[in-house]
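Some notes on the structure that comes next.
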Amino acid sequence: MARARRLELAEALALGPGWRHACYALLHAPDPGILFGRLPLRYAILMQMRFDGRLGFPGGFVDSQDSSLEDGLNRGLLEQLGEAAAAFRVERPDYRSSHAGSGPRVVAHFYSKSLTLEQLSAVEASATGAKDHGLEVLGLVRVPLYTLHDGVGGLPIFLENCFIGAAREQLLDTLQDLGVVEAGAFSGLQIPVRLRQPSVDSGNLR
């Protein structure tokens, strides 16, 4: 499969009327939880199992009824995540990147939105009642942000799943920005992925 081409937002918006625009959002929240009493969870990050069996992020196509990319995205989040998505709004400052595929004339815009853990948990709880649940969306999953002692379990094996479009790259870029994954820790899919160790005294990720 050909690699998606990364674009600046202005370039993507200037592609012309023959192109369709889709918007997707990575929702994340700080998570103080500890797995097995020793593995810091660090963040709760949501992805979804799509109708095609691939992992991706919630969102969808922007329609003519939408006045902006963000209006289309927030409408899509309500349809796919349910009423809890009305408690927040993804805006232009949350925008991160745009990618154009080599096939159909579609450009995908990616956003990253910080929530509280309570908001994110509410999204998980409401998702099964969403309009698209069981249809376009088959369920939500949290990304494991740790590596087990075997060097494979956790994030490394999670990255071996099948992702839609640039979703794997977008996930890893966001994890690098959050301080979870070290810059240059992977080339394509390299196992094991090196994770930044959280500071014991400060409790942060760096």
Side-chain angles (χ1 to χ4, degrees), residues 23-49 55-59 70 73-74 76-78 80-97 109-130 133 137 139-149 151-161 163-164 166-186 192-206:
C23 295
Y24 303 93
L26 180 155
L27 305 178
H28 62 88
D31 187 345
I34 304 291
L35 177 65
F36 304 136
R38 59 183 176 82
L39 294 173
L41 299 182
R42 306 181 180 193
Y43 282 90
I45 292 180
L46 293 185
M47 295 196 75
Q48 64 183 19
M49 178 63 69
L55 288 171
F57 299 106
E70 292 75 30
L73 172 57
N74 286 286
L77 294 180
L78 279 171
Q80 294 188 358
L81 301 178
E83 61 185 14
F88 59 89
R89 181 175 171 83
V90 181
E91 298 286 7
R92 184 60 56 91
D94 302 310
Y95 167 83
R96 291 184 50 80
S97 63
H109 306 282
F110 177 62
Y111 296 73
S112 176
K113 179 69 174 179
S114 178
L115 305 177
T116 66
L117 188 56
E118 290 74 19
Q119 287 175 318
L120 186 137
S121 296
V123 166
E124 291 175 310
S126 74
T128 55
H133 180 74
V137 181
L140 296 178
V141 297
R142 291 194 185 190
V143 180
L145 302 183
Y146 46 79
T147 299
L148 300 181
H149 283 315
V152 176
L155 180 60
I157 198 65
F158 181 84
L159 294 174
E160 291 286 356
N161 282 292
F163 292 76
I164 187 68
R168 182 189 285 110
E169 175 186 343
Q170 292 161 340
L171 171 63
L172 289 170
D173 284 349
T174 303
L175 292 183
Q176 181 176 317
D177 286 351
L178 292 175
V180 176
V181 171
E182 292 183 353
F186 50 88
V193 172
R194 294 199 306 276
L195 300 181
R196 288 181 182 264
Q197 296 303 312
S199 169
V200 175
D201 54 352
S202 66
N204 62 28
L205 299 174
R206 299 183 183 278

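Not measured: the values here are computed from a predicted model. Atoms considered below: every heavy atom in the structure, side chains included; atoms not considered: hydrogens, waters and symmetry mates.
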query: Is there side-chain contact between Leu175 and Ile45, with heavy atoms separated by less than 4.5 Å?
result: yes
- request: Please identify each residue that fulfils side-chain hydrogen bond (donor to acceptor under 3.5 Å, both in side chains) with Tyr24, with sequence neighbours left out.
  value: none
- line: All heavy atoms of Ser126 vs all of Ala84, minimum pair found to be OG-CB, 3.2 Å
- request: Side-chain contact test, heavy atoms from C-beta onward, threshold under 4.5 Å: evaluate it for Val137 versus Leu81 and give yes or no.
  value: no
field: Leu171 and Phe57: CA distance, side-chain angles, deciding distance, side-chain contact (heavy atoms from CB on, under 4.5 Å) verdict
entry: CA-CA 9 Å; Leu171 171 63; Phe57 299 106; 4.1 Å; yes
- prompt: How about Glu169 and Phe110: do any of their side-chain heavy atoms sit closer than 4.5 Å?
  reply: no
query: Is there side-chain contact between Leu26 and Gln170, with heavy atoms separated by less than 4.5 Å?
result: no
message: Holding to salt bridge (charged side-chain N to carboxylate O under 4.0 Å, His left out), I want the full list of residues that pass it with Arg38, two or more places apart in sequence or in another chain.
response: none
query: When rounded to the nearest 0.5 angstrom, what distance separates CD in Glu91 from CG in Asn74?
result: 6.5 Å
- prompt: Any donor and acceptor pair, going by atom type alone, linking the side chain of Glu70 with main-chain N or O of Val90 inside 3.5 Å?
  reply: no
- prompt: Would Asp31 and Leu145 count as a side-chain contact (heavy atoms from CB on, under 4.5 Å) if you check the C-alpha gap in whole Å, the side-chain angles of each, and the deciding distance to 0.1 Å?
  reply: CA-CA 11 Å; Asp31 187 345; Leu145 302 183; over 6 Å; no
query: Between His28 and Tyr43, what is the ring plane arrangement, given parallel below 30°, perpendicular above 60°, and tilted in between?
result: perpendicular
message: What's the separation between atom CG in Leu39 and atom CG in Leu41, rounded to the nearest 0.5 Å?
response: 8.0 Å
message: I'd like to know if the side chain of Gln119 and the backbone of Thr116 have a donor-acceptor N/O pair within less than 3.5 Å.
response: yes
- request: Could you tell me which residues satisfy ring-ring contact (aromatic ring centres under 6.0 Å, His included) with Tyr95, sequence neighbours excluded, listed by chain and number?
  value: Tyr111
Considering all heavy atoms, the nearest Leu115-Pro30 contact: O-CD, 3.7 Å
- prompt: At their closest point, which heavy atom of Ala167 faces which heavy atom of Gly56, and how far apart are they?
  reply: CB-CA, 4.3 Å
- prompt: From Leu155 CG over to Glu160 CD, what is the distance, rounded to the nearest 0.5 angstrom?
  reply: 10.5 Å
field: Sub-4.5 Å side-chain heavy-atom contact between Leu46 and Glu124
entry: yes
- request: Start with the C-alpha gap between Glu83 and Leu78, add the side-chain angles, then the distance that decides, and say whether side-chain contact (heavy atoms from CB on, under 4.5 Å) holds.
  value: CA-CA 6 Å; Glu83 61 185 14; Leu78 279 171; 5.7 Å; no
- prompt: Roughly how far, to the nearest 0.5 Å, is the CG atom of Asp94 from the SG atom of Cys23?
  reply: 12.0 Å
statement: Interatomic distance, NE2@His133 vs CD@Gln48, rounded to 0.5 Å, equals 11.0 Å
statement: Correct closest heavy-atom pair for Ala85 and Leu77 would be CB-O, 3.8 Å
task: Mark yes or no for whether Arg42, through its side chain, and Tyr146, through its backbone, hold a donor-acceptor pair below 3.5 Å.
output: no
message: If you compare all heavy atoms of Met49 against all heavy atoms of Leu55, which two are closest, and at what distance to 0.1 Å?
response: CE-CD2, 4.1 Å
query: Mind checking whether Asp177 and Arg96 have side chains closer than 4.5 Å, heavy atoms only?
result: yes
message: Once rounded to the nearest 0.5 Å, what's the spacing between atom CD of Gln80 and atom CG of Leu140?
response: 9.5 Å
